[in-house]
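All residue numbers refer to positions in the sequence shown, counting from 1. All values reported here derive from a predicted model rather than from experimental measurement.
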Amino acid sequence: MNISFNKLSFWLINLVLTVLMLLVISLILLAAKTNPLTFLDIIFIEPWKNLSYFSGFLHIFSILLLIGLAAAITFKYKIYNFGIAGQMLFSALVTFIVGTAISDAGGTNRVIVIFLLLITILAGAFSGFLIAILKNYFKINEIISTVLFNFIAWQGYKGVLASPSYQNKAIAQIFSLRFSLTSGPFNNSNLFSAGIILAIAIFLITIFFFSNRIFDFKLTVFSKNQSVAKQARINPNPENLKILIIAGAIAGFAGYLLFLATNNHLPEISGIPQYGFYGVVIGALVFYQLLLIPISTFIFTLFIRPIEFDGFIYLSNPGLAVIIVGVAIYLMGIFPLFCYLWQASPKIQENWLKFKRKLFKLATPIEAELNQIKKTKPTRSLERLQIDLEPDKQGDSNKQKLAKKAKKDLPKKQDQQDKD
């Protein structure tokens, strides 16, 4: 699906849908005898009330930014990576094992933090490499392999936590990413996590890497029209390998931020984390456009932060509030579908144009604008990239050259026939 983010209608539609969603949520809370103003205050106002709430917001934002980015760079090119949660678990587990071994050996140098960050990135990249190998060379669908990887990683995580060798193990507090602008870094009492700085740095590096036009062109051609890609002799395997490795490394770093950035031990979890799903929805909200990921991440962080930090505990019905936020997250994931239908449907555009003309009393002819809308009517066939594989210096293809030559020879043939 193609959609224009530069049009004001895209942002207005999302704003209107969000307001309607919040209105419906408020009515449901009123029916359940819960104050909707308190609910809205927890979501939109509470993160800015004090440093503790704000630091929690930044911590969740840094994690969601990375997983949204990991999902966007794969789904954008039709590589359906649903294994982000498993990659987070696997990377955190490997880093924890290495970190405890260093702590047991007496390692206390703060430079070890950099080494642990490198380990978690390599572990995530390795998990992405495995998925890419299964996809490219064993033709195993990435949806199947990534979902299974989530389950395997979770079972391994539980197994390590249940193992007597790691039940009471912890990495040194000095390896924490906590910091403060006043008392210095690596202090356990500090509020902020350096993860937000590292997450923004990784985001900018990824944007720079994917700004390579040749790399993006190859992936776009293959994802939209495989037959054209084959004719152009574009081998997708190296590009798929790069994307899944990069996405795995980013997801692995997000796992470190979630499990170990502010803790010195792995927390117990009751199931596979929902962060993988969050990443897919964050990317879907902006149609997997990398530059817009921070915007959708900011919106999602507002809704997810109260769930992660038990923000609804003081409401009269906290369980209902959590369920409603979960439904809201699902609904926001399909907002772009309405935007696409709005921009791609000629009938909707025609009615909207007539409404604007009546509203603003426009006097210009409408026929030209309607014809323009009909010209842009999308077909139901697959999108085809118009690629000229063998252009000459003047930009004409071989077929065009033959057609011109035949056109020149036609009068000569007619003269010859007249003489005969």
Side-chain angles (χ1 to χ4, degrees), residues 59-60 62-71 74 81-104 112-113 115-134 140 142-173 175-177 193 195 198-199 244-245 247-280 304 307-310:
H59 181 61
I60 298 297
S62 62
I63 298 169
L64 293 179
L65 178 66
L66 292 178
I67 62 175
L69 183 64
T74 52
N81 178 21
F82 290 99
I84 293 176
Q87 292 166 341
M88 294 171 68
L89 289 171
F90 177 74
S91 298
L93 187 62
V94 172
T95 307
F96 175 74
I97 293 173
V98 174
T100 53
I102 294 174
S103 297
D104 292 343
I112 296 175
V113 175
F115 175 73
L116 292 180
L117 293 177
L118 179 62
I119 291 296
T120 196
I121 291 174
L122 291 177
F126 177 73
S127 64
F129 174 77
L130 290 179
I131 296 169
I133 292 297
L134 293 175
I140 298 177
E142 68 271 18
I143 298 177
I144 298 174
S145 60
T146 52
V147 170
L148 288 176
F149 187 82
N150 288 340
F151 180 77
I152 294 170
W154 179 49
Q155 293 297 326
Y157 186 95
K158 291 196 305 180
V160 169
L161 289 184
S163 171
S165 302
Y166 291 96
Q167 279 184 347
N168 299 318
K169 285 290 185 70
I171 59 177
Q173 287 284 359
F175 300 153
S176 170
L177 292 181
S193 168
L198 298 174
L244 286 168
I245 288 176
I250 296 173
F253 193 88
Y256 183 88
L257 295 184
L258 177 62
F259 295 110
L260 295 173
T262 56
N263 302 305
N264 64 340
H265 63 278
L266 290 177
E268 293 186 4
I269 56 176
S270 58
I272 299 174
Q274 295 296 313
Y275 278 85
F277 166 75
Y278 294 158
V280 174
I304 293 171
I307 298 178
E308 295 296 320
F309 294 104
D310 295 327

| field | Other residues, nucleotides, ligands: >12 heavy atoms within 6.0 Å of F129 CZ | value | no

| field | Enclosure of F309 CZ (heavy-atom neighbours >12, cutoff 6.0 Å) | value | yes

Do you know the tightest heavy-atom contact between [X] and [Y]?
| X | Y | result |
| --- | --- | --- |
| A92 | L266 | O-CD2, 4.1 Å |
| S62 | L257 | OG-CD1, 4.0 Å |
| P273 | A85 | O-CB, 3.6 Å |
| S127 | G248 | OG-CA, 4.5 Å |

| request: Tell me, with the steps shown, if L64 and Y278 meet side chain to side chain contact (heavy atoms under 4.5 Å, CB included). | output: CA-CA 7 Å; L64 293 179; Y278 294 158; 4.1 Å; yes

| query | Should F90 and F149 be marked as a side chain to side chain contact (heavy atoms under 4.5 Å, CB included) after you check the CA-CA gap, both sets of side-chain angles, and the distance that decides it? | reply | CA-CA 9 Å; F90 177 74; F149 187 82; 4.1 Å; yes

Straight-line distance of [X] [atom1] to [Y] [atom2], nearest 0.5 Å:
| X | Y | atom1 | atom2 | answer |
| --- | --- | --- | --- | --- |
| S165 | I97 | OG | CD1 | 10.0 Å |
| F96 | K169 | CZ | NZ | 7.5 Å |
| L89 | Q155 | CG | CD | 11.0 Å |
| L198 | F253 | CG | CZ | 4.0 Å |
| T95 | L118 | OG1 | CG | 9.5 Å |
| T146 | Q87 | OG1 | CD | 8.0 Å |

Do any N or O atoms from the side chain of [X] and from the backbone of [Y] form a donor-acceptor pair under 3.5 angstrom?
| X | Y | answer |
| --- | --- | --- |
| S163 | G159 | no |
| S91 | G124 | yes |
| N81 | A70 | no |
| T120 | G252 | yes |

When you compare the side chain of [Y] with that of [X], does any pair of heavy atoms fall below 4.5 Å?
| X | Y | value |
| --- | --- | --- |
| F126 | V94 | no |
| I171 | I102 | no |
| Y275 | L258 | yes |

| field | From CA spacing to verdict: side chain to side chain contact (heavy atoms under 4.5 Å, CB included), I119, Y256 | value | CA-CA 10 Å; I119 291 296; Y256 183 88; over 6 Å; no

| query | Taking the inter-plane angle between the rings of Y157 and F259 on a 0 to 90° scale, is it parallel (under 30°), tilted (30 to 60°) or perpendicular (over 60°)? | reply | tilted

| side-chain contact (heavy atoms from CB on, under 4.5 Å), paired with I84, selected from L66, N150, I67 | I67

